[in-house]
Engineer: 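The structure under discussion is supplied below as structure tokens; questions concerning it will follow.
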Amino acid sequence: MAAEFNTDGMLDMYLFENTQLLERLQEIVLEQKDADGFDSDGINEIFRAMHTIKGSSGVMMFDEITAVAHKLEDIFYYLRESHPDNVPHIKLVEHVLEVADFIQGEMDKLSDGEDADGNAQEIIKGLDDFLSSIKGEKNDKKKEAAVENKADDGPKQFYIAPMASGTSHYYQIYITYMQDVDMANVHAYKAVYALKDIAEDLLYQPDDIITDPETASEILENGFKILLQTQKSEADVRKIIGEGYEIQAVEIFEVTAAQYQRGFDIFGTDIEIDLESSVEEIEAKAEGGIILEAPAVKKQEEKKEIAPGDFVIQTKEPGKGKKLAKDKAKKAEKTSYISVDVAKMDQLMDLIGELVISESVVLQNPDLKVPGLRLDNFNKAAGQMSKISTDLQNVIMSMRMVPLTNTFQKMNRIVFDVSRKLGKEVEFEMVGDTTEVDKNIIEHISDPLMHLVRNSVDHGIEMPDERAAAGKKDKGKITLFAKTEAGKVWIGVQDNGAGLDRKKILEKARKQELLDPTRKDSSYPDKDVWQFITLPGFSTNEKVTEYSGRGVGMDVVVQNIQEIGGSLEIESKQGEGSLMLLKIPLTLAIIDGIVMKAGNSCFVIQTDVVKEFVGVDESMMVKQPNGEECVMIRGECYPVMRLGEWYHLEDYECNINDGMMLILEIEGRRVCMFVDKLIGKQEIVVKPIPAYVKKVRGLSGCTQLGDGGIALILDPAGLVE
């Protein structure tokens with residue numbers, strides 16, 4: 001008898017697989033929430049997702065998740081089979097999302113090491129009532145409320161004593177799984193566990209699926225075989241096993257008691273078949289043995305030669321006759337994936353960063369600068385090492401890059417929930433959701449995006465009667481978009497609502513003594529006025545609601561974005577809508593940079609914003625009356641910023657003739673930056689500025705150079721604000 005069933009090692013895979021299923025389920029629901037009903041593909045996908053979650057949760061002994069998943073599965077089974085016309089679609093959408101939220105909440109508890117102790121009985125009751133209503137039934141309290149496959153005391157390795165009965169049926173079951181399924185042995189156990197309650201006798205091969213993880217590969221290669229003695233019909237057995245997303249096919253054959261006694265020897269029995277025989281004759285021959293592998297086939301001289309394995313007896317479904325079917329062509333090889341802990345990816349990225357720094361230390365070693373030293377072989381080897389190092393960085397970076405799709409879908413859900421509660425009609429649009437960014441970036445922007453989207457629904461979009469009075473469409477629109485530009489990701493939340501009220505914001509700012517008493521309101525540019533709403537405790541809402549009025553939220557947005565070197569820009573036009581634009585780095589890891597010097601300090605700037613290096617003289621400089629400087633280059637006038645003067649550095653180069661001018665292009669605007677000298681181009685490992693250092697405008701991080709020195713990384717957008 002096998003060892004006691006242990007689920008500890010399966011939890012991570014359970015959470016991973018079910019999280020993906022819930023994300024896909026939510027995506028389907030939100031895509032079709034505005035339709036009249038779910039299409040057939042959507043119904044089938046939701047049904048399969050719930051079926052799989054139910055089965056895996058039963059094996060893991062999470063009873064409440066199993067129960068609620070099974071109840072929702074019942075609803076979609078009825079929709080799939082009966083095609084009712086009286087289904088309130090929005091109500092169904094809310095039920096599906098409620099179930100998804102409950103399951104996700106339980107899984108979050110499990111991820112944090114807690115017990116899945118939630119109670120789903122209220123949700124199940126609501127689903128029962130909904131199912132009864134679309135069936136046209138009255139709610140009968142005596143109706144069976146227990147879930148058919150609800151887990152009992154928990155799955156253990158079990159032994160079923162064989163029982164003899166003259167009315168017993170004997171089945172040979174063969175299950176094949178998708179080749180990309182992880183932990184196929186767990187999925188196989190789900191089938192065995194599901195059959196336990198109806199079995200008079202039950203055998204399966206491999207028989208050590210619980211204790212030996214290696215059986216997973218054996219099951220994928222050879223399939224999973226079950227011998228079952230039961231009182232149930234083939235249709236009942238097929239319904240119990242079902243077909244989840246992981247199962248490719250389920251083949252069930254009824255055999256005689258004598259064949260059943262032969263055990264697993266009957267699997268793979270070959271029967272010679274004459275292709276000129278009728279289907280009835282072939283079926284009669286099949287009664288003596290079960291065909292699961294390629295049968296030997298007689299060659300026909302007068303017909304095209306057919307290779308063995310071209311034809312097999314295909315399993316029949318209830319009510320359908322058997323037929324001869326051509327074997328499907330083998331699918332092209334699928335890409336293989338493995339799951340990796342993000343912490344390990346972060347550690348690998350850190351090691352790559354240290355490797356880049358070490359490479360710089362080696363290549364910039366002062367011992368290599370001895371006059372007359374021949375370094376041809378060294379330089380050749382160093383070039384090869386640099387190439388490999390760069391390729392390695394690119395591969396690791398690509399592994400960390402993930403699309404914004406899931407993050408954007410979560411915002412879709414927020415729009416749906418908040419608009420329903422506030423009684424507003426809001427259309428949600430996603431643009432550029434396939435844009436890829438570093439996973440760490442996504443973790444930092446999820447909360448800020450949630451605040452911005454929620455504010456757009458609450459503050460931005462007006463109530464239907466207000467929109468009608470303003471001559472607008474009843475349904476408001478929120479657009480969430482993303483794009484990459486100049487090494488940064490731009491993520492915008494745009495609405496066609498009321499826009500920001502400049503007068504109201506200035507009144508509130510003056511009341512909180514944020515304005516200069518001697519300065520007129522009209523002297524403040526819109527850009528400065530909009531920034532007041534990002535201050536802690538600032539809110540123009542007089543009434544505190546579930547979503548706004550406390551003056552918190554926007555300050556959290558700015559704080560989180562600044563932590564990753566990003567910025568928030570606000571544009572608004574009263575009566576037409578607002579745009580909240582996040583500008584964040586594409587990655588927090590390694591960048592290509594230009595190293596330069598100003599005074600005794602080294603600085604780094606991203607190469608993609610540097611358009612040109614120009615040597616200039618005093619004759620090209622223009623001094624304006626307000627003291628600002630410009631430079632004339634090829635007939636174009638550019639504003640000039642002296643880096644040494646900007647940061648009040650000591651001993652920086654003041655003579656224009658002895659320094660170097662960099663032409664930078666930042667967000668469509670060109671400026672010139674004057675530095676003492678250029679050191680060279682280098683791959684830079686981005687490190688955050690320590691928390692004890694006060695935030696300095698124009699700086700986004702720091703790095704270590706090859707000589708061991710520290711260089712500050714410039715934030716071009718911060719310099720030109």
Engineer: Would you say that L22 contacts I53 through its side chain, given a criterion of any heavy-atom pair below 4.5 Å between the two side chains?
Structural biologist: yes
Engineer: Is there a side-chain contact between F38 and V29 in this structure, where contact means two heavy atoms from C-beta onward sitting under 4.5 Å apart?
Structural biologist: yes
Engineer: Please list all pairs passing the side-chain hydrogen bond (donor to acceptor under 3.5 Å, both in side chains) test where one or both residues lie in residues 20-34, with sequence neighbours left out.
Structural biologist: E23-N406, R24-E27, R24-E45, Q26-R413, Q32-D39, K33-N412
Engineer: Can you tell me how far apart NZ (K190) and NE2 (H51) are? Round to the nearest 0.5 Å.
Structural biologist: 6.5 Å
Engineer: For a 4.5 angstrom cut-off between non-hydrogen side-chain atoms, does I414 reach L449?
Structural biologist: no
Engineer: Grab the two heavy atoms, one from L25 and one from M50, that are nearest each other, plus how far apart they are.
Structural biologist: CD1-CE, 3.4 Å
Engineer: Take L11 and M60, measure what side chain to side chain contact (heavy atoms under 4.5 Å, CB included) needs, and give me the verdict at the end.
Structural biologist: CA-CA 8 Å; L11 182 59; M60 298 295 292; 4.2 Å; yes
Engineer: I'd like to know whether F224 forms a side chain to side chain contact (heavy atoms under 4.5 Å, CB included) with Y177, so could you lay out the CA-CA distance, the side-chain angles of the two residues, the decisive distance to 0.1 Å, and finally the verdict.
Structural biologist: CA-CA 8 Å; F224 185 56; Y177 292 91; 4.1 Å; yes
Engineer: Show me the donor-acceptor pairs, under 3.5 Å and distance only, between side chains in residues 106-113 and residues at least two apart or in other chains.
Structural biologist:
residue	atom	partner	partner atom	Å
E106	OE1	D117	N	3.3
E106	OE1	G118	N	2.8
E106	OE2	K109	NZ	3.0
E106	OE2	G118	N	3.4
D108	OD1	Q104	NE2	3.1
K109	NZ	D117	OD1	2.9
S111	OG	M107	O	3.0

Engineer: Drop me the distance from N18's CG to K54's NZ, to the nearest 0.5 angstrom.
Structural biologist: 13.5 Å
Engineer: Would you call E234 and F253 a side-chain contact if the rule is heavy atoms closer than 4.5 Å?
Structural biologist: no
Engineer: Does the side chain to side chain contact (heavy atoms under 4.5 Å, CB included) test come out yes or no for R420 and F416, once each step is laid out?
Structural biologist: CA-CA 6 Å; R420 293 275 295 168; F416 177 77; 4.2 Å; yes
Engineer: Between Y260 and Q229, which heavy-atom pair has the shortest distance, and what is it?
Structural biologist: OH-N, 3.6 Å
Engineer: Do Y204 and K225 have side chains that get closer than 4.5 Å, going by heavy atoms?
Structural biologist: no
Engineer: Look up atom OG1 in T19 and atom CG in L15, then write down how far apart they are to the nearest 0.5 Å.
Structural biologist: 6.0 Å
Engineer: Would a 4.5 Å heavy-atom cut-off, applied to side chains only, mark P88 and I134 as touching?
Structural biologist: yes
Engineer: Please report the interatomic distance CZ(F76) to CG(L131), rounded to the nearest 0.5 Å.
Structural biologist: 11.0 Å
Engineer: Using side-chain hydrogen bond (donor to acceptor under 3.5 Å, both in side chains) as the criterion, list what pairs up with S233, not counting sequence neighbours.
Structural biologist: D236
Engineer: Work out which heavy atom in L72 is nearest to a heavy atom in L127; give both atom names and the distance.
Structural biologist: N-CD1, 4.0 Å
Engineer: Assess, by modelled atom type and distance only, whether the side chains of E64 and Q121 contain a donor and an acceptor separated by less than 3.5 Å.
Structural biologist: yes
Engineer: Counting only heavy atoms not in E114 (residues, nucleotides, ligands), do more than 12 fall under 6.0 Å from its CD?
Structural biologist: yes
Engineer: On the six-membered ring of F130, is K91 placed so that its NZ or CZ lies under 6.0 angstrom from the centre and within 45° of the ring axis?
Structural biologist: no
Engineer: Considering non-hydrogen atoms only, spot the tightest contact between Q231 and H169 and give its length.
Structural biologist: O-CD2, 3.6 Å
Engineer: How long is the straight-line distance from CG of L97 back to CG of L92, given to the nearest 0.5 Å?
Structural biologist: 9.5 Å
Engineer: Mind checking whether Q172 and I252 have side chains closer than 4.5 Å, heavy atoms only?
Structural biologist: no
Engineer: Apply side chain to side chain contact (heavy atoms under 4.5 Å, CB included) to the pair L195 and I173, showing each step before the final yes or no.
Structural biologist: CA-CA 11 Å; L195 293 171; I173 304 170; 4.1 Å; yes
Engineer: Are the side chain of T405 and the backbone N or O of D433 linked by a donor-acceptor pair below 3.5 Å?
Structural biologist: yes
Engineer: Report yes or no: does T230 contribute a side-chain atom to a donor-acceptor pair with the main-chain N or O of I198 at less than 3.5 Å?
Structural biologist: yes
Engineer: CG/L228 to CD/E254 distance, rounded to the nearest 0.5 angstrom?
Structural biologist: 10.5 Å
Engineer: Considering non-hydrogen atoms only, spot the tightest contact between A188 and I219 and give its length.
Structural biologist: CB-CD1, 3.8 Å
Engineer: Whether the side chain of S82 engages the backbone of L79 through a donor-acceptor N/O pair (distance < 3.5 Å, no angle test) should be reported.
Structural biologist: no
Engineer: Do you know the tightest heavy-atom contact between R238 and V250?
Structural biologist: NH1-O, 3.2 Å
Engineer: Taking atom CG as the centre, does N119 end up with more than 12 heavy-atom neighbours from other residues, nucleotides or ligands that are less than 6.0 angstrom away?
Structural biologist: yes
Engineer: For the residue pair S57 and Y14, establish whether any side-chain heavy-atom pair is separated by less than 4.5 Å.
Structural biologist: yes
